[in-house]
Amino acid sequence: MIPESLQGNPMVAALADLATFAKFEFNELTIETAPENIVEALRRVKQDLKFERLTSVTGVDRLPVEPRYEVVYHLQSVAGNSRLRLKTRASGTNPKVPTATLVYRSAEWYERETFDLFGINFTGHPDMRRIMMPDGWEGHPLRKDYPITGARY
Amino acid sequence: MSNYSGISNPTDVHRDHQVHETNGSGHRTMVLNMGPQHPSTHGVLRLLLELDGETIVKAAPDIGYLHTGIEKEFEVKTYQQGVTLTDRIDYLAPLSNNLVYCLAAEKLLGLEIPEHAQWTRVMLAEFTRLNSHLVWLATHAIDIGAMSVFLYCFREREEILRIFEMFSGQRMMTSYFRIGGLALPHPRGWQKRVKDFVDIFASRVDQYEELLTNNRIWTGRTKGIGYISLEDMLDLGVTGPMLRAAGLKVDARKDTPYSSYEKFDFEVPTRTENDVYARYLLRVEEMRQSHKIIKQALEGMPSGSHQADAPGIVLPDREKMKTQMESLIYHFKIVSEGFRVPEGEVYQAIESPRGEVGCYMVSDGTQKPYRVHWRGPSFGNLQSTSKLIEGTLIADVIAALGSMDFVLGDTDR
Amino acid sequence: MDLFFFLLFAFIAVACAVSVVLQRHPISCALSLVGTMAALAVLYLLLGAEFIAMVQVIVYAGAIMVLFVFVIMLLNAGAEDRRGSSWVARIAGLPALAVLLGILGYLMLTFYPMIGPKASLVHFGDFTGGGAKEIGTALFTEYLLPFEVTSILILIAILGAIVLARKEID
Amino acid sequence: MLSPAMDPQVIMQTLGKGVPTTWYLALSAVLFTIGVAGFILRRNIITVFMCIELMLNAVNLSFISFAHEHRQVSGHLFTFFVMVVAAAEAAVGLAIILTVFKNRSTLNIDEIDSLKN
Amino acid sequence: MEFLIITSIKLALILFVFMTTLAYLQWVERKVIAHVQVRMGPSRVGPHGLLQPLADVIKLITKEGVLPPHVNTFYYLAAPFLAVFFALISVSFIPFGTGITIPVFHVGGATYGPYKTMFELADTNMGVLLVLAISSMGVYGIALAGWSSNNKYALMGGLRSSAQMISYELPMSLAIAAPLLSIGSLNLRQISDAQAGYSLGFIPHWSVFAFPAPQFFSFIIFMIAAFAETNRIPFDLPEAENELVAGFHVEYSSMTFASFFMAEYANMVTVCSMATLLFLGGWQPLWPVAYGSNLVAPLILAGAGALCVYHGLNPARPFDRITLPVFGVIFFGLAALMAFPPTVPILMPMFWFLAKVGFLLFVFIWIRATLPRFRYDQLMGFAWKFLFPVALANLLITGFLVALVS
């Protein structure tokens with residue numbers, strides 16, 4: 001699924017065996033991998049491609065589509081002055097993605113936030129609990145099937 | 001008598017996940033619940049501190065007290081309406097947030113913004129930086145006990161807010177930058193207002209420095225405090241002045257210039273000491289650089305339209321709207337249902353006063369964003385709290401927290 | 001007047017001293033002890049020892065006892081458990097105390113009459129040799145050697161305290 | 001001993017002129033005894049320490065009384081030295097208490113018995 | 001009998017004046033800091049906010065005194081009482097002027113007087129030591145407040161204050177001892193009198209300038225220690241509101257809360273008076289009467305009056321048209337009183353004493369508006385590693401110089 005135009009890109013090349021999809025839009029490179037490969041991809045990105053910083057981790061809920069959730073990792077290389085977006089998908093029934101905290105410690109809070117707002121479980125995370133919402137909160141507000149209004153509180 | 005060790009105070013009973021007594025070492029420690037209502041946590045940050053005497057053994061920040069669901073709200077507002085939400089995220093740097101949101105949407109739309117609007121954006125973004133840094137310096141100084149600096153800084157901030165009010169009609173929640181340009185053309189007499197400010201500001205910064213920079217107590221309280229290694233900072237997602245105070249020259253204004261920042265002559269100051277004092281000096285220097293940028297923007301402000309030439313996206317003039325049918329239709333359509341944005345996803349990062357603020361915008365081709373993720377700099381910076389303050393004294397916690405310059409609205413969104 | 005002040009402050013002193021022994025919480029004990037010391041300072045004044053009275057307040061009540069209070073607060077020592085008290089101390093100690101008090105009283109009364117024309121009286125203002133000047137003169141002439149020895153003792157105490165406090169940190 | 005022919009009127013006259021030194025000494029003895037009682041009965045190491053201070057104070061009172069009796073300043077100096085020693089003792093003693101507490105987490109002297117056996 | 005009556009009158013007078021002073025010291029502090037910070041300060045209640053202290057007092061008295069359920073009630077209530085008690089009692093030993101003689105007067109057929117009395121409540125030979133002793137007891141109020149509140153912040157405030165006060169008492173005592181070496185008295189009145197006279201005709205014999213050992217350094221040390229003893233910035237760690245929220249008085253409200261402030265301001269007045277008496281020559285004027293030092297007071301007051309009248313004529317606000325001339329007249333009246341020959345020997349020493357105390361109080365306020373706060377370990381390090389050795393060295397050198405000269 002990697003388009004021809006991106007075959008020569010060094011970042012795509014480094015992740016060629018893991019990537020399931022890649023695109024280059026709006027001057028931004030996006031590479032998608034399977035959930036089980038994402039940690040390995042991140043590790044390569046950090047070590048081989050010198051992306052020192054994980055800028056953010058977040059999710060996107062594509063409700064009717066299955067696998068429903070996209071988990072999006074934004075990375076920045078200060079040395080190379082470039083940015084990269086990694087993506088993986090998680091199914092709607094039991095969304096689970098391996099944690100990135102072993103590679104980037106900054107993923108800790110971002111994954112907690114994603115867990116809190118989307119209900120995506122990051123397996124292996126040291127402290128998987130809500131961060132924004134109160135502890136006893138039911139539901140995950142950023143899911144598309146979570147109502148905007150209503151007597152939820 | 002209650003027992004001071006462990007969490008026995010009734011206020012402590014909830015959310016005490018991480019901090020507990022470490023009786024194993026034989027030391028009796030005390031858990032101090034700092035915040036969410038504490039004068040030095042600048043809002044509603046809660047810190048659980050485990051203390052041995054006055055030394056912090058373990059610190060666990062607890063956030064989320066100001067979570068307002070802004071990201072969810074973006075999804076039910078049209079693109080243009082979303083601008084008003086961004087002000088509320090980081091209420092000390094509203095225009096930076098306006099800017100990143102507009103830039104992201106404009107990237108998706110492929111809009112070309114006129115020079116005039118771009119320069120105004122730069123000028124006001126730098127004013128925002130000054131505004132934010134002034135509040136930071138004021139609160140940081142009063143945290144360390146220098147209370148006069150607080151009022152001196154607010155004196156200048158007041159002037160900046162007046163300038164904001166002049167441009168946008170609002171002091172804090174300006175929403176002045178809109179997708180496609182600016183909300184309003186420049187007000188009459190803005191040059192004089194800005195020039196008055198520019199003329200006086202440099203000497204005012206000297207005043208603050210005179211009170212603090214060489215003050216023995218100030219240096220004693222700030223030098224060597226709040227050290228965290230550069231590797232840890234990168235690993236924990238810290239951005240902005242904290243990184244630059246560690247010697248890493250990273251600034252989106254230089255690295256990936258946006259809104260014609262490349263046309264301005266300014267330096268990105270860095271320091272290497274990587275402590276509270278270095279961050280203080282760095283921010284003061286940043287204020288001087290912002291002053292320089294504002295001066296250039298004032299002197300070289302190009303003339304032109306304040307909005308892009310994109311009839312379906314920007315609101316037409318009142319004049320045209322009342323004379324031309326087409327404009328009236330556009331106006332009606334934009335106001336009632338917004339405009340469609342092509343499908344795609346972008347991540348736009350700019351340099352806010354606090355660090356990298358990023359806007360990840362996903363569009364599904366409708367009038368409303370499918371998903372907006374806000375990468376607030378405070379959220380990333382706050383992750384380093386534990387690392388920053390463990391092993392220091394309580395008084396250093398105040399100094400170190402102050403040097404991070406976080407805004408809880410930005411953290412919790 | 002003398003009698004009134006003596007009785008008043010003697011009562012305060014004894015009451016506070018009893019309170020030191022009976023109070024369960026160390027802070028209460030410490031404050032009772034401060035009360036005793038303050039009352040004793042007034043008695044010292046009556047006895048013409050004005051300098052010592054001031055030193056009593058400054059050093060004893062104002063410094064040593066503050067140190068006690070500081071340590072109690074620092075350790076957050078709770079109220080004492082009553083049942084821990086040793087029965088041997090109660091059975092053997094209290095009679096022994098009575099005997100002690102008796103011996104003291106006997107000795108005192110053999111040397112000094114309790115009351116009567118022969119008794120030497122304390123009247124405020126009789127004895128004025130307790131000023132700073134007299135004490136200073138005696139201290140730096142007659143008692144120079146003990147003074148120096150105590151200063152060395154203090155030095156050793158400081159060192160000891162520092163060593164004890166330090167050891168714990170390492 | 002109480003002299004048998006003690007006339008109440010004489011007593012009142014005497015007391016009008018001043019307080020017998022003996023009474024001060026008696027007070028001193030009472031305070032000392034109370035101190036000893038506390039020393040024996042109390043289990044809290046800090047309180048025990050305070051009882052020692054109480055005893056020292058009692059002794060100081062007798063020193064001052066004797067100084068008054070003999071019109072000499074030496075008693076004051078002894079008191080002075082006692083205070084100095086008490087200060088030194090408090091510094092070291094409290095440091096020991098702190099260390100003991102950090103190591104044993106108790107202030108009960110019955111539980112601090114590692115020197116037994 | 002007459003002693004009791006005179007003392008009661010003096011007691012009532014001093015209490016009234018002192019309490020008013022404490023209330024207005026707060027007003028002065030707010031005004032001074034406001035002007036340092038380019039703002040107005042209290043200006044709503046009464047002209048120039050002059051009735052603000054009254055309003056504050058009424059507010060504090062009528063507020064509900066909250067007794068938190070988790071405190072140790074006895075000590076919680078006793079602590080502010082102790083703090084105020086020890087703060088106020090030391091004032092009674094401070095002489096603030098020479099004396100006054102009430103001439104013989106007749107009421108009905110009886111003849112009274114003449115009565116001679118001094119401007120202090122109690123004149124003792126141990127004045128210096130007494131003030132020291134009482135101020136050393138003052139720490140109990142704060143420590144107990146911190147402990148009994150059963151609050152972690154308060155406890156830390158209490159701990160900090162007890163450690164801080166013990167530590168700073170030492171350099172303070174040493175700094176006091178140095179001028180006493182050359183004066184040779186512990187009586188505060190004698191100390192002040194001993195500093196009369198001028199060398200070379202114009203350098204006053206104050207301890208700070210005195211031959212053979214000018215006590216300049218011990219004055220500075222004393223002032224630094226005084227800042228620490230009164231818990232003022234830069235040593236206000238026990239109540240550091242940015243770290244410990246409010247430290248030892250975080251659980252207090254209403255009058256119990258106000259008591260601590262009263263105690264703090266009373267302590268400020270006491271230490272400033274002590275500094276004046278010990279180092280700045282008490283009520284001895286800055287230069288000899290022969291050169292017209294008696295004219296200073298009337299001139300200053302007349303100048304203030306003239307300024308008030310001038311501003312009253314060119315008012316910034318409509319209200320000033322009335323208030324400022326009234327103040328001007330009051331100032332002129334005071335100036336006339338200061339220049340009135342029979343009152344000069346009584347008022348002039350008081351003027352000089354109060355002027356010096358006022359100046360030192362102004363320094364306290366000024367510093368508060370300027371400096372940041374120390375950290376706890378820096379504070380202790382400063383006391384033990386710097387202040388204490390310097391005070392000791394100063395004492396040794398003074399002793400040496402005094403011995404050399406005598």
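Below, chains carry the letters A, B, ... as their sequence lines are ordered, and counting in each starts from 1.
- The closest donor-acceptor contact from the side chain of E/Q37 to the backbone of B/Y152 lies at 3.5 Å or more, if one exists at all.
- Counting only heavy atoms from C-beta outward, the side chains of E/M156 and B/L51 approach each other to under 4.5 Å.
- Side chains of E/R39 and B/L151 form a contact here, defined as non-hydrogen atoms less than 4.5 Å apart.
- Around the OH atom of E/Y24, the shell of radius 6.0 Å holds more than 12 heavy atoms that belong to other residues, nucleotides or ligands.
- Here the closest heavy-atom approach between residue E/Y153 and residue B/L32 is recorded as CE2-CD2, 3.7 Å.
- When the candidates E/F382, E/F374, E/Y376 are compared by the number of heavy-atom contacts under 4.5 Å with chain B, E/F374 comes out ahead.
- Looking at B/I225, the atoms closer than 4.5 Å to chain E (heavy atoms on both sides) all sit in the side chain, from C-beta outward.
- Here the side chain of B/R221 pairs no donor or acceptor atom with the backbone of E/P372 at under 3.5 angstrom.
- Interface residue E/I33: only side-chain heavy atoms are found under 4.5 Å from chain B.
- Between E/R375 and B/D396 there is a side-chain heavy-atom pair separated by less than 4.5 Å.
- Contact between E/T370 and B/A146 at its shortest, heavy atoms only, is O-CB, 4.4 Å.
- Surrounding NZ of B/K387 are at most 12 heavy atoms belonging to other residues, nucleotides or ligands under 6.0 Å away.
- In this structure, CZ in B/R216 is found 10.5 Å from CD in E/Q378, a value given to the nearest 0.5 Å.
- Residues E/L371 and B/W218 fail the side-chain proximity criterion, which asks for heavy atoms closer than 4.5 Å.
- Within a 6.0 Å radius of CH2 in E/W384, more than 12 heavy atoms belonging to other residues, nucleotides or ligands are found.
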